[in-house]
Amino acid sequence: MHFPEVSPMDELMAQRVAKLDQLRALGMDPYPTRATRTHTAAEANALVDALPEGVSEAEGVVAQVAGRVVARRDMGKATFIDLLDGTGRIQVLLRQNTLAEGLYDALKLIDLGDFISATGMPMRTRTGQPTVGATTWAMLSKALHAPPEKYHGLADPEIRQRRRYLDLLGNEESRERFKLRSKVVSGIRRFLDARGFIEVETPVLQEAAGGAAARPFVTHYNALDEDRFLRISLELHLKRLVVGGFEKVYELGRIFRNEGFGLKYNPEFTMLETYEAYGDYLQVADMVEEMVSTVASEAIGRDTFVFRGHEISLARPWRRITFHDALRQYADLDLEAFPTAETLRAELERRGLDVPPTAGYGKLADEAMSFYVEPHLQNPTFLLDYPIELSPLAKRKPGNPRLVERFEVFIGGFEAGNAYTELNDPIDQRERFEEQLRLRAAGDDEAELMDEDFLFALEHGMPPCGGFGMGIDRLIMILTEQPTIREVILFPQLKSLKPDTQPTPSDTAITSSPAETAGPTTPSPAAAGEGAGG
RNA sequence: GGGCCCGUAGCUCAGCUGGAUAGAGCAGUGGACUUUUAAUCCAUUGGUCGAGAGUUCGAAUCUCUCCGGGCCUACCA
């Protein structure tokens with residue numbers, strides 16, 4: 001195994017713990033209650049960069065910076081320390097002749113990973129590096145473990161994902177990637193808000209999880225002594241809101257699907273769903289094109305990406321092709337020649353595809369699409385007009401009762417989004433649910449369940465409506481050019497650690513003499529913490 | 001579930017066709033150095049080589065079992 005246990009008090013940690021006492025002996029609290037800073041690293045750097053040509057000191061300016069000690073170069077009577085804060089790095093120069101008595105010697109109590117503050121004049125060193133020429137410094141928080149190796153960083157993917165804090169504090173690319181994710185998400189919100197959408201929140205815990213073909217997680221509600229299901233989609237509640245009169249709604253939230261995890265799957269993932277009254281799936285397609293290309297350009301500054309070896313352009317317009325035409329083009333398969341589940345199954349088996357025994361017509365067509373078509377769809381492509389069997393919540397296509405007005409959008413060879421002209425005929429919707437129940441009875445445990453309240457809502461009338469759903473994580477994968485979903489989720493699902501490898505608290509028990517400031521031990525744990533401050 | 005691969009110091013990794021006391025860099029400790037930036041230089045601490053069993057005069061190295069993990073595949077619109 002390559003996963004380090006939380007070590008018992010090893011030698012390195014013992015040395016750091018001993019420094020706690022040494023700091024206290026010098027009158028320095030290793031964990032002071034609060035800190036002050038006047039400048040972020042970025043502000044301090046900018047201040048120096050703004051100095052006129054030939055001027056190397058910001059005379060009269062006193063800047064206090066704070067951050068984690070990420071590098072240290074000890075030159076004898078001068079020491080350079082690099083601090084990392086949320087805005088970047090700032091170098092601090094500490095010299096024996098500019099620090100108060102004893103403060104220079106106390107530098108040996110600073111280790112990599114500690115948080116300190118340093119105060120002094122912003123300046124430029126001989127080599128041009130913006131630097132705070134410190135006249136004093138203070139410990140803000142002492143770290144008891146060494147940070148990851150400074151040059152190679154933390155490389156083990158498991159530790160990087162399981163202990164993301166170590167990845168983030170050691171690997172700048174990782175920090176940048178998650179900042180980018182945040183910019184994309186806020187960009188999506190800005191885009192939708194600007195178009196008059198309102199953001200809403202709907203229940204995660206549901207009596208029946210519907211709106212998608214997936215198995216839910218089950219949990220137990222103690223107060224009612226009933227099971228609840230974690231939502232697998234946002235759809236049915238958002239459409240209730242359209243019935244209620246909200247014309248443009250979206251929700252950006254976590255959904256949960258009880259399935260395995262892998263390169264592009266995580267059991268909990270972030271979904272965007274939008275519903276627009278008086279819209280249809282073609283209007284939604286226009287909006288999606290605009291939203292994704294706009295957000296990519298704004299958040300990342302470009303609209304071409306290299307994803308899994310393919311160059312992908314998000315520039316508009318995006319290609320549009322029907323589901324049937326795509327199968328004709330990439331598989332030389334004409335679905336109209338195989339109109340029943342039996343004939344289609346026979347054809348796919350003749351071609352050597354391994355299809356699940358319970359698959360109905362829709363599932364079979366989808367299998368063929370996944371196998372033959374999906375890998376070719378690198379640049380954004382809308383696949384239009386799906387078989388009705390695959391889409392129990394979408395409205396029929398006028399003139400062709402076997403198709404629905406639906407698209408899935410593919411980018412980088414996988415599905416990134418899904419949209420319908422929403423089915424608003426309550427009678428038709430009831431029949432579709434009944435068909436789903438038949439599929440379920442035939443062994444498809446991902447088929448939709450009847451949702452009587454949703455039907456009751458539709459029976460009150462829902463305006464024509466275009467709806468859309470997009471897996472945000474997959475979009476982020478493309479925009480950050482990451483081949484795995486785990487690299488774009490801060491804390492991805494991982495196998496649980498077996499008990500004998502789990503850190504045990506007693507292993508990390510630390511003994512050092514109590515701080516002068518420490519009060520008597522509170523006898524009741526319930527009385528501790530939380531109440532103070534404010 | 002199937003296939004391939006990995007586990008050596010706190011971190012990043014060598015060593016693996018069996019050979020003596022298991023190495024390097026970083027981090028740590030001690031020392032030199034008042035403008036460095038992967039600082040440099042000198043010295044030095046630290047390892048039950050994932051665990052167990054076996055083969056052998058001798059195992060980090062070969063075999064088996066187990067533990068933990070990764071990748072691919074399968075499952076998963």
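So you know, we letter chains A, B, ... as the sequences are listed, proteins then strands, and number each from 1.
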From the list [options], which nucleotide is the closest neighbour of the side chain of [X]?
{"X": "A:Ala78", "options": "B:rA77, B:rG28, B:rU34", "answer": "B:rU34"}
{"X": "A:Gln129", "options": "B:rU36, B:rG28, B:rC76", "answer": "B:rU36"}
{"X": "A:Ala146", "options": "B:rC76, B:rA39, B:rA27", "answer": "B:rA27"}
{"X": "A:Gln91", "options": "B:rA77, B:rA27, B:rU36", "answer": "B:rU36"}
{"X": "A:Arg406", "options": "B:rA77, B:rA27, B:rA39", "answer": "B:rA77"}
{"X": "A:Arg486", "options": "B:rC71, B:rA77, B:rA27", "answer": "B:rC71"}
{"X": "A:Lys77", "options": "B:rA77, B:rG28, B:rC33", "answer": "B:rC33"}
{"X": "A:Arg73", "options": "B:rU36, B:rG28, B:rA77", "answer": "B:rU36"}
{"X": "A:Thr131", "options": "B:rU36, B:rU34, B:rG28", "answer": "B:rU36"}

Classify the nucleic acid contact of [X] as base, sugar-phosphate or nothing, counting any heavy atom under 4.0 Å across all strands shown.
{"X": "A:Arg72", "value": "nothing"}
{"X": "A:Asn97", "value": "base"}
{"X": "A:Leu263", "value": "sugar-phosphate"}
{"X": "A:Lys19", "value": "sugar-phosphate"}
{"X": "A:Asp74", "value": "base"}
{"X": "A:Gln96", "value": "nothing"}
{"X": "A:Glu367", "value": "nothing"}

Taking for A:Tyr265 and for A:Pro147 the nucleotide of RNA chain B with the nearest heavy atom, the one nearer the 5' end belongs to A:Pro147

RNA chain B nearest-nucleotide lookup for A:Arg16 and A:Tyr420: closer to the 5′ end is A:Arg16

Do [X] and [Y] have side-chain heavy atoms sitting under 4.5 Å apart?
{"X": "A:Glu446", "Y": "A:Arg215", "answer": "yes"}
{"X": "A:Val404", "Y": "A:Asp385", "answer": "no"}
{"X": "A:Arg396", "Y": "A:Glu405", "answer": "no"}

- Query: Under the 3.5 Å rule, do the base of B:rU35 and the side chain of A:Arg126 count as making a donor-acceptor pair?
  - Reply: no

Within the modelled atom types, does a donor on one side and an acceptor on the other bring the side chain of A:Arg95 and the base of B:rU35 under 3.5 Å apart? yes

Please give, in whole Å, the distance from [N] [atom2] to [X] [atom1]?
{"X": "A:Met13", "N": "B:rC11", "atom1": "CE", "atom2": "P", "value": "14 Å"}
{"X": "A:Leu12", "N": "B:rC26", "atom1": "CG", "atom2": "C1'", "value": "12 Å"}
{"X": "A:Tyr372", "N": "B:rA77", "atom1": "OH", "atom2": "C1'", "value": "18 Å"}
{"X": "A:Gln436", "N": "B:rA77", "atom1": "CD", "atom2": "C1'", "value": "12 Å"}
{"X": "A:Leu109", "N": "B:rU29", "atom1": "CG", "atom2": "P", "value": "10 Å"}
{"X": "A:Ile411", "N": "B:rA77", "atom1": "CD1", "atom2": "P", "value": "20 Å"}

Are A:Thr40 and A:Asp85 linked by a side-chain donor-acceptor pair shorter than 3.5 Å?
no

Rounding to an integer number of angstrom, what distance separates [N] and [M] when you compare their [atom1] atoms?
{"N": "B:rG3", "M": "B:rG18", "atom1": "C1'", "result": "29 Å"}
{"N": "B:rU65", "M": "B:rU55", "atom1": "C1'", "result": "15 Å"}
{"N": "B:rA60", "M": "B:rA74", "atom1": "P", "result": "41 Å"}
{"N": "B:rU73", "M": "B:rG10", "atom1": "C1'", "result": "36 Å"}
{"N": "B:rU61", "M": "B:rG54", "atom1": "P", "result": "14 Å"}
{"N": "B:rU8", "M": "B:rC16", "atom1": "C1'", "result": "11 Å"}
{"N": "B:rA24", "M": "B:rG15", "atom1": "P", "result": "15 Å"}
{"N": "B:rA27", "M": "B:rG68", "atom1": "C1'", "result": "26 Å"}

When both hydrogen-bonding distances must be under 3.5 Å and the geometry is Watson-Crick or G-U wobble, what is [N] paired with, if anything?
{"N": "B:rA39", "result": "none"}
{"N": "B:rG18", "result": "none"}
{"N": "B:rU61", "result": "none"}
{"N": "B:rA74", "result": "none"}
{"N": "B:rG46", "result": "none"}
{"N": "B:rG68", "result": "B:rC6"}

Within 45 degrees of the axis of the six-membered ring of [Y] and under 6.0 Å from its centre: does [X] put its NZ or CZ there?
{"X": "A:Arg164", "Y": "A:Phe491", "answer": "no"}
{"X": "A:Arg320", "Y": "A:Phe382", "answer": "yes"}
{"X": "A:Arg319", "Y": "A:Phe410", "answer": "no"}

Which of A:Thr131, A:Asn45, A:Thr125 passes side-chain hydrogen bond (donor to acceptor under 3.5 Å, both in side chains) with A:Gln91? It is A:Thr131

